[in-house]
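Here the structure is laid out as structure tokens; the discussion comes afterwards.
Sequential numbering from 1 along the given sequence is applied to the chain's residues.
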Amino acid sequence: MKHYEVEILDAKTREKLCFLDKVEPNATITDIKNMFNKSHPEWYPARQSLRLDPKGRSLKDEDILQNLPVGTTATLYFRDLGAQISWVTVFLTEYAGPLVIYLLFYFRVPFIYGPKYDFITSRHSVVHLACICHSFHYIKRLLETLFVHRFSHGTMPLRNIFKNCMYYWGFAAWMAYYINHPLYTPPVYGEEQVKLATIIFLFCQLGNFSIHIALRNLRPAGSKTRKIPFPTRNPFTWIFLLVSCPNYTYEVGSWIGFAIMTQCLPVALFSLVGFIQMTIWAKGKHRSYLKEFKDYPPLRSPIIPFIL
């Protein structure tokens with residue numbers, strides 16, 4: 001059996017960082033990263049990006065050396081992705097923050113609204129309902145992170161957690177301040193508006209959870225297998241017939257329901273910003289599906305049926 005020689009150069013300076021001798025032909029990029037890590041302990045596998053071209057795309061961890069367009073002496077280019085943090089840690093931090101922050105405003109802890117309002121609950125029932133719905137949403141997210149989601153990538157750059165937390169925590173504080181404010185005004189159309197909004201919120205929360213379960217079942221534990229998601233017996237998944245990323249569709253619907261329920265401008269802005277970001281993600285995933293699967297259903301749109 002012939003063996004490979006792998007030369008690893010710095011993608012920026014072209015400096016030789018490592019030379020690996022007698023590498024098995026069926027070695028994966030993960031194997032090569034582990035070998036490289038032995039000579040450079042500061043660059044653990046998760047922060048390594050190996051590529052065939054200095055400005056090219058990163059090779060996938062599961063790529064096999066002998067299947068790459070290289071000779072028996074392969075040259076790979078290394079980029080440092082920076083300090084990494086696990087997606088589970090990121091999500092738990094992102095979602096625990098809004099849960100705690102909102103409750104601080106709900107219970108009107110001191111130094112928020114003034115001494116006369118400390119620990120005095122609102123007289124409006126919609127304020128209590130909003131707190132239940134907001135808490136339910138983030139508790140659901142935390143539990144899904146721990147027991148449902150299977151991540152295709154184990155880590156993300158550490159610096160991103162600060163940006164993500166500013167977004168989630170900042171909006172949570174902003175909307176909580178106004179919804180729980182002593183001068184908060186209930187929705188114009190009263191109980192009917194709140195009931196309609198609650199139905200929308202709960203429907204979309206159930207839909208979102210159903211999609212997450214369906215996506216989990218597509219990927220065996222410990223694998224990075226990608227398959228085309230299709231509707232299951234669960235009616236909430238039938239939207240897969242028309243949309244590539246219905247988890248985002250339901251997520252946006254939940255926040256629209258919450259905005260109608262509270263009639264609060266910061267919630268509406270959070271919904272809008274979230275919709276824009278999720279549309280970008282949905283379009284990216286939709287393009288990936290089309291590129292990877294030649295038989296991908298042609299009727300599907302990224303996030304909104306027939307429109308977007």
Side-chain angles (χ1 to χ4, degrees), residues 87-88 90-99 102 133-134 136-145 148-153 156-157 160-172 174-175 197 200-216 218-219 226 228-229 231 236-262 264-292 296-297 299-308:
W87 274 102
V88 172
V90 171
F91 280 176
L92 292 179
T93 306
E94 286 179 2
Y95 302 153
L99 177 62
Y102 195 99
C133 289
H134 188 274
F136 172 82
H137 175 76
Y138 282 104
I139 290 172
K140 166 184 166 293
R141 282 194 167 191
L142 289 168
L143 292 175
E144 286 176 338
T145 298
V148 177
H149 293 320
R150 287 175 177 161
F151 302 98
S152 57
H153 299 286
M156 69 178 290
N160 286 2
I161 194 173
F162 301 104
K163 176 183 66 177
N164 293 8
C165 286
M166 283 181 63
Y167 168 72
Y168 282 106
W169 296 16
F171 263 113
W174 192 22
M175 66 176 71
I200 294 172
F201 177 85
L202 292 176
F203 178 87
C204 290
Q205 287 287 287
L206 286 171
N208 180 263
F209 176 73
S210 299
I211 299 301
H212 286 162
I213 292 295
L215 293 174
R216 169 193 167 84
L218 283 179
R219 176 176 292 156
R226 280 170 57 87
I228 300 176
F236 285 103
T237 67
W238 295 352
I239 192 175
F240 268 128
L241 293 170
L242 302 174
V243 171
S244 292
C245 302
N247 50 321
Y248 296 149
T249 310
Y250 283 124
E251 179 74 10
V252 172
S254 293
W255 286 108
I256 290 174
F258 194 70
I260 295 171
M261 177 193 303
T262 58
C264 180
L265 180 60
V267 180
L269 291 176
F270 180 68
S271 304
L272 177 61
V273 174
F275 171 67
I276 293 171
Q277 180 61 71
M278 283 183 270
T279 298
I280 294 171
W281 290 336
K283 285 184 174 181
K285 291 186 177 182
H286 184 72
R287 285 193 298 268
S288 295
Y289 282 137
L290 291 173
K291 183 178 180 180
E292 186 172 354
Y296 193 70
L299 286 179
R300 294 188 188 180
S301 300
I303 189 169
I304 300 179
F306 309 115
I307 298 176
L308 189 65

- CD1 of Ile239 to CD1 of Ile211: how many Å apart, nearest 0.5 Å? 7.0 Å

- Query: Which heavy-atom pair separates Lys285 from Cys245 by the least distance, and what is that distance?
  - Reply: CB-SG, 3.8 Å

- Going from OH on Tyr250 to NE2 on His212, what distance comes out if it is rounded to the nearest 0.5 angstrom? 11.5 Å

- Query: Can you tell me how far the CG atom of Asn160 sits from the NZ atom of Lys163, to the nearest 0.5 Å?
  - Reply: 4.5 Å

- Task: Could you pull out all residues at least two apart from Tyr168 that satisfy ring pair (Phe, Tyr, Trp, His ring centres under 6.0 Å)?
- Result: Tyr95

- Return the minimal non-hydrogen interatomic distance between Gly257 and Ile200, and the atom names on each side. CA-CG2, 3.9 Å

- Using the benzene-type ring in the case of Trp, are the ring centres of Tyr167 and Phe270 under 6.0 Å apart? yes

- Separation between CZ of Phe275 and OG1 of Thr249, rounded to the nearest 0.5 Å: 9.0 Å

- Message: Testing the basics here: between Thr237 and Ala214, what is the closest heavy-atom pair and its distance to 0.1 Å?
- Response: CG2-CB, 4.2 Å

- Give a yes or no answer on whether the side chain of Thr145 reaches the backbone of Val88 with a donor-acceptor pair at less than 3.5 Å. no

- Query: Stepwise, does the side chain to side chain contact (heavy atoms under 4.5 Å, CB included) test hold for Leu99 with Ile139?
  - Reply: CA-CA 8 Å; Leu99 177 62; Ile139 290 172; 4.0 Å; yes

- Item | Nearest-0.5 Å distance that lies between atom CG in Asn247 and atom CD1 in Ile303 | 8.5 Å

- Query: For Ser271 and Ala259, which heavy atoms make the closest approach, and how far apart are they?
  - Reply: OG-CB, 4.3 Å

- Query: So, Phe236 versus Phe203, ring centres under 6.0 angstrom or not?
  - Reply: yes

- Message: The test is side chain to side chain contact (heavy atoms under 4.5 Å, CB included); show your working for Thr262 and Met175 and say whether it passes.
- Response: CA-CA 10 Å; Thr262 58; Met175 66 176 71; over 6 Å; no

- Task: Would you check if the side chain of Arg300 reaches a backbone N or O of Phe240 as a donor-acceptor pair within less than 3.5 Å?
- Result: yes

- Between CG on residue Leu206 and CZ on residue Phe201, distance to nearest 0.5 Å: 10.0 Å

- Stepwise side chain to side chain contact (heavy atoms under 4.5 Å, CB included) check, Ile280 with Gln277: CA-CA 5 Å; Ile280 294 171; Gln277 180 61 71; 4.2 Å; yes

- Distance-minimising heavy-atom pair for Phe151 and Arg219: C-NH1, 3.9 Å

- Polar contact flag, side-chain donor to acceptor under 3.5 angstrom, Arg141-His137: yes

- Message: What I want to check is whether the side chains of Tyr296 and Ser244 have a donor and an acceptor closer together than 3.5 Å.
- Response: yes

- Query: Is any side-chain heavy atom of Leu242 closer than 4.5 Å to a side-chain heavy atom of Phe306?
  - Reply: yes

- Item | Heavy-atom pair with the smallest gap, counting every atom of Thr93 and Trp169 | O-NE1, 3.2 Å

- Message: Does Val148 form a side chain to side chain contact (heavy atoms under 4.5 Å, CB included) with Ile213? I'd like the steps, not just the answer.
- Response: CA-CA 7 Å; Val148 177; Ile213 292 295; 4.0 Å; yes

- In terms of the angle between their ring planes, are Phe171 and Trp174 parallel, tilted or perpendicular, with boundaries placed at 30° and 60°? tilted

- Item | Sub-4.5 Å side-chain heavy-atom contact between His134 and Pro98 | yes

- Item | Side chain proximity check, Val243 to Ile304, heavy atoms < 4.5 angstrom | no

- Query: If you count the non-hydrogen atoms of other residues, nucleotides and ligands that lie under 6.0 Å from NZ in Lys283, is the total more than 12?
  - Reply: no

- Query: What class does the angle between the rings of His149 and Phe91 fall in, given that below 30° is parallel, 30 to 60° is tilted and above 60° is perpendicular?
  - Reply: perpendicular

